[in-house]
Amino acid sequence: MARRGVAALARALAAREVSSVELATECLHAIERDRTGAGGGLGAFVHVDAAQTLAEARAADERRARGEAGPLTGVPVAHKDIFVTSYPRSRAPTTAGSRMLEGYASPFDATVVARLGAGEPGRAPGAGMVMLGKLNCDEFAMGSSNENSAFGPVRNPWDRTRVPGGSSGGSAAAVAAGLVPAATATDTGGSIRQPASFCGVTGIKPTYGLVSRWGMVAFASSLDQAGTLARSAEDCALLLSAMSGFDPRDATSAERPPVDLHAAMLAPRAGASAARPLAGLRIGLPREFFPAVLAADVGRAVRAALAELEKLGATLVDVNLPRTELSIPVYYIIAPAEASSNLGRFDGVRYGHRAEGAADLLDMYKKSRSEGFGPEVKRRIMIGTYVLSHGYYDAYYLQAQKLRRMIADDFRACFGQCDLIAGPVAPTVAWKLGAQADDPVKAYLADIFTLPASLAGLPGMSVPAGTGEGGMPVGLQLIGNYFAEGALLHAAHALQQATDWHLREPRA
Ligand code: GLN
């Protein structure tokens, strides 16, 4: 049932073909079947509370019976466990994939959770979606494989010996396996687009500032952005419209009038026809996104999707993003620097795990942080502290900031020549669990195609584009100009109307 996706389920609810309680019950059964199935399941969920979910579903059905339902009321959704969920409203703990926060009960709901769910206290009612639970992720969203979670890895539904990608691995795997119709996720350097690509689902990371970061456990605040993983561009448009918009509690939230992204997605382009919906659209292909080392299977799938976009009327133009390779060192200086500062609050006093048996205060801090954080988080805190320290600040952090600006300028130049940018999401399909455990830098290098848009704050999508080695999904990345989510979704939707890659399902 969840595989039908958000738009179809919303229609079925509106037509009274199904109730929210029936939908929630089916999803809960699918989650339970997966958890108790052979091999111990996918590990996508870290928290499920069936009684709470069914209570929300009953409330949604009652709202509909009273004639107060919005289009998404009663549709199930699950949240990446990096969005805080409150007691008593949502009744779910928040861990951010870390021992540090095990059992943490937030006093409030993240704006994203509130807007999709019951609404913000004292403000407009929420969309009334029903929460199925919290989804596994890399610890504090640091990672590309979901193997950095303190609560175990997530498996890829297409091949359970492979990673689902990360850090939003639980979100992508749950959608791909049909356990949920859609999920929230966050992207700091690729954590929505890369797992979407690895699991064959559609994901969108909007422009920095479109969605409030209030209640998102912070990793690198100048990069963190919330978005969605779903079965189609249409489903992403519906969810993103409901969760985005100005929020006075986030100082970087964009003060812009709300946009109906679903309407923007459907609006025909000037000069377009039914056969050529993308007529006049210029898609830029950065040379640097097609290096000789790009895996052949990924290159083939991406080129097939580009050929489809051409058939739909788009024109492909060559562009340059000359600092693509530099985005790796730039990101892996800036993100750890911000993380080292953001994670200072987890000291066993203000937040988080407190160690037993400490000799004094300093010892308590040391023991609490040593026990609470996993190895990747510790590595990044050390790198971040180093690049911010006296004497190294100018050499690393300041240089990285300058380059970040130049990377954004490169995009600005490209958008003089094209309307959207396209390329691969990742250099390969999903790798085997454990394959990169010995060398974190290998995983960092695989972020090369997602980091540039993150550093520039631009919106990006991953759209299924067929399969590569081992029958594993490959995603096409589309990058838009600032706040051009409508144009991105329009192109992705046109592609999905003409092809069936996004409808393919893992066998098992
Ligand atoms: N893979 C990148 C990292 O490890 C991106 C993570 C993210 O977007 N949250 O930092």
Side-chain angles (χ1 to χ4, degrees), residues 79-83 96-98 135-149 153-154 163-172 183-199 203-206 208 211 213 216-229 327-340 342-343 373-384 387 400 404 425-428 430-431 435-437 439-462 475 477 479:
H79 296 299
K80 180 176 182 178
D81 199 17
I82 199 125
F83 294 97
S98 184
L135 295 160
N136 204 345
C137 60
D138 281 307
E139 185 172 7
F140 291 105
M142 298 179 190
S144 310
S145 67
N146 216 115
E147 292 169 294
N148 297 336
S149 167
V154 175
V163 302
S167 63
S168 313
S171 303
T184 58
T186 61
D187 191 310
T188 303
S191 283
I192 290 177
R193 290 160 286 161
Q194 187 254 22
S197 176
F198 280 15
C199 290
I204 184 163
K205 170 209 108 78
Y208 181 80
V211 179
R213 290 183 296 110
M216 248 167 74
V217 177
F219 162 15
S221 308
S222 76
L223 294 153
D224 295 344
Q225 184 55 208
T228 69
L229 285 158
S327 64
I328 298 170
V330 168
Y331 173 86
Y332 280 98
I333 288 170
I334 292 175
E338 294 185 18
S340 71
N342 274 328
L343 270 53
F373 290 136
E376 183 60 26
V377 174
K378 287 178 184 161
R379 189 176 297 125
R380 301 213 188 181
I381 291 173
M382 284 190 284
I383 296 171
V387 299
R404 181 178 187 179
V425 175
T428 64
W431 54 81
Q436 304 204 337
D439 184 1
V441 175
K442 263 200 230 160
Y444 299 172
L445 293 175
D447 290 339
I448 182 160
F449 303 130
T450 50
L451 297 179
S454 295
L455 289 164
L458 292 165
M461 283 190 81
S462 176
Q477 182 174 207
I479 299 171

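Each ligand, and each atom within it, is numbered from 1 in the order the structure gives.
The two residues I82 and A96 come nearest to each other via the heavy atoms CD1-CB, 4.3 Å.
Among protein residues, A141, M142, G143, S144, S167, D187, T188, G189, G190, S191, F219, Y331, Y332, R380, D447 come within 4.0 Å of ligand 1, judged on heavy atoms.
At distances below 3.5 Å, at least one donor-acceptor pair connects side-chain atoms of Q225 with backbone N or O atoms of V211.
Taking the salt bridge (charged side-chain N to carboxylate O under 4.0 Å, His left out) definition, one finds that E338 meets it with nothing, sequence neighbours left out. Listed by chain and residue number, nothing satisfies the salt bridge (charged side-chain N to carboxylate O under 4.0 Å, His left out) test with R404 (two or more places apart in sequence, or in another chain).
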N/O donor-acceptor pairs under 3.5 Å from side chains in residues 449-456, not counting sequence neighbours:
residue	atom	partner	partner atom	Å
T450	OG1	G189	O	2.7
T450	OG1	D447	O	3.1
S454	OG	T188	O	3.4
S454	OG	R193	NH2	2.8
S454	OG	T450	O	3.4

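Relative orientation of the F373 and F140 rings is perpendicular, given thresholds of 30° and 60° on the angle between their planes.
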